[in-house]
Amino acid sequence: MNKVLSIVTILVFVNCNYQEDKSIKAAVVSARIEASNIGIEVIAKGGNAFDAMIATDLALSVCYPNAGNLAGGGFLVYRTSDGSFGSLDYREKAPSLSSRDMYLDSEGNVIEGISTLGGLAIGVPGTIAGLFEVHEKFGTLPWNELIQPAIDLATNGYVVTKKQSNSFKNKKEEFIKVNGENTFYAKNYDEGDIIINLPLANTLKLIQQNGKAGFYKGINAQRLTKRVKNAGGIITEEDLKNYSPVWRDPVQFQYKELTITSMGPPSSGGVCLGQMLQMIEPFDIKKYGHNSVESIQLMVEAERRTYADRSEYLGDPDFVNIPQSELMDSTYLTNRMKSFNWDNASLSSDINPGKVIINESEETTHYSIIDKEGNAVSVTTTLNGSYGSKVYVEDGGYFLNNEMDDFSSKPGVPNMFGLLGSEANSILPGKRMLSSMTPTIVDKNKKLYMILGTPGGSTIITSVFQTILNAYEFDMGMQESVNSARFHHQWMPDVIILEPKQFDSDLISNLNNKGYNIEERLSRIIGRVDAIMIDDNGIITTGADPRGDDSSSTLR
Ligand code: GLY
């Protein structure tokens with residue numbers, strides 16, 4: 001334990017779940033204290049927010065293996081201190097041998113499970129290429145130095161938390177099913193145990209020594225493709241070699257005095273967030289009160305209409321034409337809300353037909369960073385499901401994603417998040433699967449105001465939606481905005497999911513009386529938002545979600 005603590009410099013920063021201090025100069029908020037510390041240490045050493053991104057991301061790949069990753073993908077939305085915005089898409093891609101109907105049997109029915117568990121579920125990973133792309137454009141410290149803390153963490157170990165121990169134990173059977181009894185995570189890891197992962201340290205060293213090629217070519221590429229093949233998958237060394245990330249224009253829109261910048265397609269996050277906020281803008285939501293019947297109704301009706309559009313129109317912009325400006329047009333959005341009335345719930349079946357179920361929890365991870373110069377970085381990265389496809393590269397020390405499930409296996413059949421899709425999100429070689437990840441940056445009157453995002457599959461967009469409104473409309477501080485109880489509606493199934501035991505029975509019966517179906521008993525926590533706020537006086541505060549082990553590190 002002492003050894004582990006000794007790898008963390010404790011002189012320059014303070015960690016806790018809420019910090020408000022005029023003298024905070026920089027902050028990193030992520031799913032793990034180790035990763036937040038490593039990120040802030042990079043800034044303390046003179047690195048910028050992009051350097052900190054690289055070090056934080058690599059640290060998460062070590063100590064948060066359910067979602068932190070080398071073999072997943074993600075999105076970066078940034079704002080430089082001079083007010084320029086941009087975004088990087090390093091989402092996974094469908095392998096060259098993939099095909100539209102690869103998850104269907106001879107009768108055209110979806111074969112259950114193969115898009116989520118095992119080799120066929122794996123998309124061509126984008127994370128390492130994405131981090132290199134960021135380094136090339138914005139990095140100031142040598143790559144070698146940015147990766148070293150993750151190598152140290154994998155070599156010296158990190159302490160298993162209670163939540164993490166439960167997570168390992170919950171997935172143990174699947175780890176064994178996919179990888180055999182001797183797989184690294186077949187062991188019972190208890191709270192307080194230290195996990196040392198030397199194969200992962202060696203993979204990181206390969207990347208340290210050989211750059212991007214250390215992952216996409218040579219020994220690692222051979223290991224990865226061999227493991228994929230053994231697990232029944234189709235990724236080739238050529239697929240790895242050909243992977244490249246894409247700088248894209250982010251989605252940007254106005255909500256009152258806020259300018260909101262978020263990820264565009266192939267994520268649905270930015271477009272959907274824009275639709276929701278603009279649909280509710282004509283209403284005085286502040287007047288209705290936080291989590292009141294009226295504000296829940298209004299937001300749910302906006303969510304219902306948005307997710308219906310998501311299922312029809314969104315996909316990879318390199319493959320499909322997305323009517324983005326039409327979807328975000330204010331007249332269109334006003335018209336969409338014309339069928340809403342305060343007395344009765346709209347019916348999703350009247351808006352568009354479909355039938356789905358919401359099922360298992362999902363894992364992705366988000367971190368937010370501000371540096372001393374005011375550069376802001378908002379990153380959401382994922383393996384998709386918890387530990388991705390569960391396929392583990394034993395000699396490389398990492399899990400492979402199951403991002404292929406984010407495609408629509410068959411129009412009208414839900415994915416693991418209960419989301420429906422159309423042809424726009426069908427599988428094609430080289431295409432990126434539609435995402436809900438919503439890394440977001442908010443300006444208020446042209447000054448940086450908030451950096452936020454969350455995991456949560458289909459609930460990502462609605463969690464970001466609520467957190468922005470909590471802060472801006474309901475005057476909550478950053479931590480309170482993050483802590484506050486959440487709800488979610490995604491058009492299909494036609495049900496409002498409430499976080500358990502957070503909403504009172506009068507409110508629930510009132511909504512029931514208006515025709516809303518409520519699911520509370522079987523629901524789960526919604527999202528784990530990690531966020532930073534900069535108030536009108538330039539004071540920085542952080543919000544690390546207590547639903548996870550999330551933690552802020554700050555530099556004073
Ligand atoms: N895999 C979750 C998402 O991209 O939305």
Side-chain angles (χ1 to χ4, degrees), residues 31 57 60 64-69 71-77 87-94 115-117 121-127 130 245-246 248 251 262-273 276 303 306-307 310-311 314-317 356 358-367 378-391 399-409 414-421 424-425 427 431-440 452-465 488 490-491 524 526-529:
D57 206 287
L60 285 168
Y64 198 61
N66 54 321
N69 63 82
F75 299 112
L76 155 71
V77 171
S87 66
L88 182 67
D89 165 4
Y90 52 99
R91 180 77 161 160
E92 299 92 327
K93 285 180 159 195
S115 67
T116 52
L117 193 74
I122 306 165
V124 182
T127 296
V246 190
R248 297 191 190 274
V251 168
S262 193
M263 194 65 214
S267 181
S268 60
V271 171
C272 291
L273 183 64
M276 288 173 194
E303 290 169 9
T306 295
Y307 278 90
R310 180 194 191 279
S311 76
L314 298 184
D316 182 344
V356 294
I358 198 158
N359 49 32
E360 73 161 274
S361 76
E362 62 292 323
E363 294 295 338
T364 289
T365 190
H366 177 86
Y367 53 90
S378 187
V379 174
T380 314
T381 178
T382 190
L383 287 166
N384 193 23
S386 197
Y387 310 94
S389 60
K390 318 301 185 280
V391 178
F399 283 103
L400 299 166
N401 70 78
N402 63 347
E403 218 69 60
M404 290 295 284
D405 187 63
D406 272 344
F407 278 116
S408 174
S409 295
N415 73 357
M416 67 183 273
F417 303 121
L419 290 168
L420 292 172
N425 190 32
I427 305 169
K431 189 176 173 185
R432 290 177 157 99
M433 52 299 278
L434 184 61
S435 172
S436 298
M437 294 193 280
T438 315
T440 298
L452 77 162
T454 179
S458 56
T459 70
I460 289 175
I461 311 166
T462 53
S463 298
V464 170
F465 179 44
H488 172 75
Q490 61 179 45
W491 169 56
R524 53 192 158 86
I526 297 175
R528 282 192 303 281
V529 177

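What you see is a predicted model; the values in this text were computed from it and never measured. In listed order, ligands and their atoms are each counted from 1. Residue indices begin at 1 and follow the sequence shown.
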For this session: Provide the number and element of each atom of ligand 1 under 4.0 Å from a heavy atom of Arg91.
Result: 4 (O)

Problem set entry | Residue pair Asn66, Leu383: steps toward the side-chain contact (heavy atoms from CB on, under 4.5 Å) verdict | CA-CA 7 Å; Asn66 54 321; Leu383 287 166; over 6 Å; no

Problem set entry | Minimum-distance protein heavy atom relative to atom 2 (C) of ligand 1 | Asp406 OD2, 3.3 Å

Exercise. When you check the gap from the basic side-chain N to the acidic O, do Arg248 and Asp89 get nearer than 4.0 Å?
Worked result: yes

For this session: Flag the pair Arg91 and Asp406 as a salt bridge only when some basic side-chain nitrogen lies within less than 4.0 angstrom of an acidic carboxylate oxygen.
Result: yes

Problem set entry | Under 3.5 Å donor-acceptor, Ser262 side chain and Pro439 backbone | yes

For this session: For Met437, counting its heavy atoms only, list the atoms of ligand 1 lying under 4.0 Å from any of them.
Result: 3 (C), 4 (O), 5 (O)

Problem set entry | Shortest protein heavy-atom distance from atom 5 (O) of ligand 1, along with the residue and atom involved | Ser436 N, 2.7 Å

Exercise. Has Met433 got any heavy atom lying under 4.0 angstrom from an atom of ligand 1?
Worked result: no

For this session: Could you say whether the N/O atoms of Ser435 and ligand 1 ever approach to under 3.5 Å?
Result: yes

Problem set entry | Donor-acceptor under 3.5 Å (Thr364 side chain, Thr381 main chain) | no

Problem set entry | For Asn384, the ligand 1 atoms whose distance to one of its heavy atoms is below 4.0 Å | 1 (N), 2 (C)

Seminar exercise, completed: Between Gly457 and Ser436 the two heavy atoms that sit nearest each other are O-CB, 3.4 Å

